[in-house]
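Per chain, numbering begins at 1; letters A, B, ... match sequence-line order.
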Amino acid sequence: LNRLPEGFRLLESMKNQGCEPSVVIYNTLVHAFCKKGSWNAGKRVMMQMMRSGCEPNEVTYNTLISGCCRVGEIAEALVLLESAKSKGYVPDVITMTKLIGVLCDEGRVYEAAELMQQMEAKGCPSDIIAYNTLIMGLCKAGKTKSAHKILRGMTVKGFTPNAASYNTLISGLCKDGKIDSAAYLVDEMENNGCTANAVTYNTLIHAFCVQDRVEEAFKLFNRMKIQDCVPE
RNA sequence: GCUGCCCA
């Protein structure tokens, strides 16, 4: 990583020899900077590649947007998203999910939900993980009720909630002190063909213990053994 | 050449 200047020098000599660096080479440099946490250096590389007549592609944008998300630079990420869109690029679900997650972390859940709406409207299909990320954001914002609504809504859109979906909501409810609703969700998840796993039980057992409801914790512990789910 | 989710 301290050899980035060398990379630049190499780039220069390539150009001097009339060998134009490919997009992939530029992207590699952008990635190196982003991994280091300096998206702005990455952006400078992008500007340089444009100056040399090499158009950034989807990967360039995905890399830079991810780099911004990694350090919580939301404003810049959104700017990049716009310029990507203006070039007709559709960032992939993974990049979008990172943005959604980072927006949620900042408490900007509403914008996150909107972003997801937009991508679906664009025919860029979201997926379970994107939904789970949003559900988590809603839980963190204390909106467990909306989170539950989303979880039910995703079924309608053809996505089957998985264990992580339910675990996220269960965890959110527990942190909100609503252990009983959380425990009830286990039934709901199993009625929907989703098996409770070790994370599910861990979450609930921990929550019951914290509230000194040890007998109930034990009940779950036994149930988990009956389902031969490996305790951690 | 980029790559996202659940408890502790």
Exercise. Are any non-hydrogen side-chain atoms of A:Ile74 and A:Glu111 less than 4.5 angstrom apart?
Worked result: no
Exercise. Among A:Tyr26, A:Trp39, A:Phe8, which one satisfies ring pair (Phe, Tyr, Trp, His ring centres under 6.0 Å) with A:Phe33?
Worked result: A:Phe8
For this session: For A:Leu151 and B:C5, give me the distance from atom CG to atom C1', rounded to whole Å.
Result: 13 Å
Problem set entry | No-H, no-angle donor-acceptor pair, A:Asp92 side chain to B:G4 base, under 3.5 Å | no
Exercise. Can you list the steps and then say if A:Thr95 with A:Asp92 is a side-chain hydrogen bond (donor to acceptor under 3.5 Å, both in side chains)?
Worked result: CA-CA 6 Å; A:Thr95 305; A:Asp92 65 5; 2.7 Å; yes
Exercise. Taking the side chain of A:Ile94 as heavy atoms from C-beta outward, which of B:G1, B:A8, B:U3 is closest to it?
Worked result: B:U3
Seminar exercise, completed: Among the nucleotides B:G1, B:C5, B:U3, whichever has the atom closest to the side chain of A:Asn132 is B:C5
Exercise. Going by atom types alone, do A:Asn197 and A:Thr200 pair a side-chain donor with an acceptor below 3.5 Å?
Worked result: yes
Exercise. Which residues pass the salt bridge (Lys or Arg N to Asp or Glu O under 4.0 Å) test with A:Lys140, sequence neighbours left out?
Worked result: A:Asp105
Problem set entry | Sugar-phosphate, base or nothing in reach of A:Asp127, heavy atoms under 4.0 Å | base
Exercise. Hey, does A:Val93 reach any base, or is it just sugar-phosphate, or nothing, if we go heavy atoms under 4.0 Å?
Worked result: base
Exercise. Taking the side chain of A:Thr97 as its heavy atoms from C-beta onward, which of B:G4, B:C7, B:G1 lies nearest to it?
Worked result: B:G4
For this session: Select base, sugar-phosphate, or nothing to describe what A:Ala130 touches, counting heavy atoms under 4.0 Å on all strands.
Result: base
Seminar exercise, completed: Residue set satisfying ring pair (Phe, Tyr, Trp, His ring centres under 6.0 Å) with A:Tyr166, at least two apart, ordered chain then number -> none
For this session: Within residues 157-177 of chain A, find the residues that approach RNA chain B with a heavy atom at under 4.0 Å, and present them sorted by residue number.
Result: A:Ala164, A:Asn167, A:Thr168, A:Ser171, A:Lys175
Problem set entry | Spacing of A:Asn62 atom CG relative to B:C2 atom C1', expressed in whole Å | 6 Å
